[in-house]
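Below is one structure, written out as structure tokens, with a few remarks after it.
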Amino acid sequence: MSEYLMEVKNLKKYFKTRSGMLHAVDGVTFSLRPGETLGVVGESGCGKSTLGRTLVKLLEPTEGQILFEGEDITYARGVQLKRLRTRIQMIFQDPFSSLNPRKTVRESILEPLKLNSALSARQREEQVLELMNTVGLAQRLAHSYPHELDGGRRQRIGIARALALNPAFIVCDEPVSALDVSIQAQILNLMQDVQEDQHLAYLFITHDLSVVRHMANQILVMYLGQMVELTSADVLFERQMHPYTQALLSAIPVPSLEKRRQRIILRGEITSPINPPAGCRFAPRCPYVTERCTAQTPELYEAAPGHFVACHRVGEVG
């Protein structure tokens with residue numbers, strides 16, 4: 001049996017538009033062990049959320065392969081897909097729109113248990129109370145509706161729903177971006193505690209680099225649907241090999257009057273993700289661009305042990 005819980009190989013997801021094929025996810029490859037967190041970062045429109053939705057089978061992949069617990073689930077259907085629903089879950093970005101406004105807290109958490117478990121009615125009710133306790137929701141809120149709660153409590157409902165069927169893998173699609181900073185810390189700590197207790201694996205999608213450094217073991221950097229860099233969180237914040245990653249991390253504020261980080265301002269036009277031309281998609285904005293960059297698409301390769309990058313000029317950058 002594979003040591004990896006989730007293996008993704010050359011995954012692609014294209015959407016047909018009037019102008020051509022939109023390359024939302026274009027050749028993503030990674031492996032994730034049980035209990036680990038893979039952070040996925042990049043600017044809006046880079047394909048982070050599409051990647052997450054494809055992995056949980058809300059979207060069908062165009063090409064590539066997804067292996068979960070050693071089983072090929074790329075085009076899962078019927079009984080196989082229903083079984084996967086108990087093992088793979090998702091926490092959505094907006095805790096309000098992801099909940100049914102007509103259902104109480106109790107009913108929202110109870111729903112997946114009704115649909116996918118063989119528990120008796122009494123056991124389901126006990127499980128709901130246990131889940132509320134796990135995510136820090138007071139039992140007095142069981143009959144409250146989403147509009148009566150703040151964002152933090154609503155997101156706790158979303159986490160409880162995701163945990164209801166004892167999954168092994170959860171896609172977290174910017175789960176704290178809609179919350180106040182003080183509430184963000186509470187939710188992140190809760191997610192880490194639950195991960196440690198239940199040995200969960202997370203795919204953590206975010207645009208907040210300080211959050212991903214706190215949460216992730218590895219970080220995958222995406223640009224216009226493609227992977228540009230993949231390594232451990234510690235290594236990435238110490239040494240970035242791709243110029244796009246360097247620009248991303250240069251935007252992180254440094255809380256010091258003495259130590260200042262030199263900000264890298266990206267200029268130039270963003271390549272269209274619809275029928276993108278050959279070459280590096282970052283080339284029009286890259287300060288190190290050469291003719292080779294505009295003519296030949298760089299392949300992702302291991303530039304250092306455990307450090308993968310897609311750039312023709314690794315070693316010259318920075």
Side-chain angles (χ1 to χ4, degrees), residues 1-6 30-40 52 55-56 68-70 83-93 95 98-99 105-106 108-119 122-142 149 151-177 179 182-206 208 210-219 232-234:
M1 186 175 176
S2 173
E3 64 177 302
Y4 297 107
L5 178 73
M6 174 74 75
F30 67 84
S31 300
L32 185 62
R33 292 182 177 88
E36 290 187 342
T37 298
L38 174 67
V40 182
L55 294 180
V56 301
F68 180 71
E69 296 180 326
R83 188 174 69 251
L84 281 175
R85 293 290 182 228
T86 67
R87 302 292 290 155
I88 299 176
Q89 287 291 316
M90 187 165 187
I91 300 171
F92 294 91
Q93 178 178 359
S98 64
L99 296 172
V105 172
R106 169 191 161 277
S108 292
I109 300 173
L110 187 62
E111 188 174 25
L113 294 170
K114 280 184 175 180
L115 295 173
N116 295 285
S117 78
L119 299 176
R122 181 177 177 180
Q123 288 173 323
R124 290 196 296 264
E125 293 293 342
E126 291 173 351
Q127 183 74 357
V128 168
L129 295 178
E130 185 178 332
L131 285 164
M132 289 181 66
N133 183 59
T134 298
V135 301
L137 281 170
Q139 292 186 15
R140 62 182 171 81
L141 300 175
L149 305 174
R153 287 192 176 98
R154 288 197 288 259
Q155 193 59 290
R156 289 174 192 270
I157 301 171
I159 295 172
R161 282 169 56 91
L163 296 174
L165 301 174
N166 297 314
F169 174 69
I170 298 180
V171 171
C172 312
D173 187 7
E174 302 202 31
V176 296
S177 64
L179 307 177
S182 60
I183 305 300
Q184 285 185 13
Q186 295 175 20
I187 297 299
L188 292 173
N189 290 334
L190 167 64
M191 292 178 65
Q192 286 188 314
D193 291 342
V194 170
Q195 181 179 38
E196 186 175 339
D197 290 342
Q198 303 187 21
H199 204 52
L200 295 170
Y202 289 150
L203 183 86
F204 196 93
I205 298 167
T206 183
D208 190 327
S210 60
V211 167
V212 80
R213 185 175 192 178
H214 177 68
M215 292 290 295
N217 303 101
Q218 293 189 88
I219 298 178
S232 70
D234 291 338

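Reckoned from all heavy atoms, side chains included, excluding hydrogens, waters and symmetry mates. Since the structure is predicted, the reported quantities are computational estimates derived from the model, not experimental observations.
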**Complete:** Here the pair of heavy atoms bringing Ala168 nearest to Leu5 is O-CD2, 3.4 Å
**Prompt:** What are the two closest heavy atoms between Ala233 and Ala216, and how far apart are they?
**Reply:** CB-O, 3.4 Å
**Message:** Are the side chains of Phe30 and Gln218 in contact, using a 4.5 Å heavy-atom criterion?
**Reply:** no
**Prompt:** Roughly how far, to the nearest 0.5 Å, is the CD atom of Gln155 from the CG atom of Leu149?
**Reply:** 12.5 Å
**Asked** Roughly how far, to the nearest 0.5 Å, is the CD atom of Gln186 from the CE atom of Met191?
**Response** 14.0 Å
**Message:** Closer than 3.5 angstrom, by distance alone: can the side chain of Gln184 be matched with the main-chain N or O of Val176 as a donor-acceptor pair?
**Reply:** yes
**Rounded distance [0.5 Å steps], OH in Tyr202 versus CD in Gln195** = 5.0 Å
**Test item: Val105 and Ile157 side chains (from C-beta on) under 4.5 Å apart, heavy atoms** = yes
**Item:** From Ile183 atom CD1 to Arg153 atom CZ, the distance as rounded to the nearest 0.5 Å
**Value:** 8.5 Å
**Side-chain heavy atoms of Val128 within contact of Leu113, under 4.5 Å** = yes
**Request:** Check whether any side-chain heavy atom of Phe169 sits under 4.5 Å from a side-chain heavy atom of Leu200, and report yes or no.
**Result:** no
**Request:** Go through the steps to decide whether Ile88 and Leu55 satisfy the test side-chain contact (heavy atoms from CB on, under 4.5 Å), and finish with yes or no.
**Result:** CA-CA 9 Å; Ile88 299 176; Leu55 294 180; over 6 Å; no
**Prompt:** Taking the side chain from Arg154 and the backbone from Pro95, do they hold a donor-acceptor pair closer than 3.5 Å?
**Reply:** no
**Prompt:** Taking C-beta and beyond as the side chain, do Asn189 and His214 meet within less than 4.5 Å on heavy atoms?
**Reply:** yes
**Complete:** Taking every heavy atom of Arg161 against every heavy atom of Gln89, the minimum-distance pair comes out as O-OE1, 4.2 Å
**Prompt:** Roughly how far apart are Ile170 CD1 and Ile91 CD1, rounded to 0.5 Å?
**Reply:** 5.0 Å
**Prompt:** Does any non-hydrogen side-chain atom of Ile159 lie less than 4.5 Å from one of Ile187?
**Reply:** yes
**Prompt:** Which atoms form the tightest heavy-atom contact between Val56 and Arg85, and what is the distance?
**Reply:** O-NH1, 2.7 Å
**Prompt:** Can you tell me how far the CD1 atom of Ile109 sits from the CG atom of Leu99, to the nearest 0.5 Å?
**Reply:** 9.5 Å
**Student check: side-chain heavy atoms of Leu110 and Glu125 closer than 4.5 Å** = yes
**Message:** Is it the case that the side chain of Asp173 and the backbone of Phe92 share a donor-acceptor pair, with hydrogens and angles ignored and the cut-off at 3.5 Å?
**Reply:** no
**Item:** Where Leu141 and Met132 come nearest, the two heavy atoms and their spacing
**Value:** C-CE, 4.3 Å
**Prompt:** Between Pro167 and Ala162, which heavy-atom pair has the shortest distance, and what is it?
**Reply:** CG-O, 3.2 Å
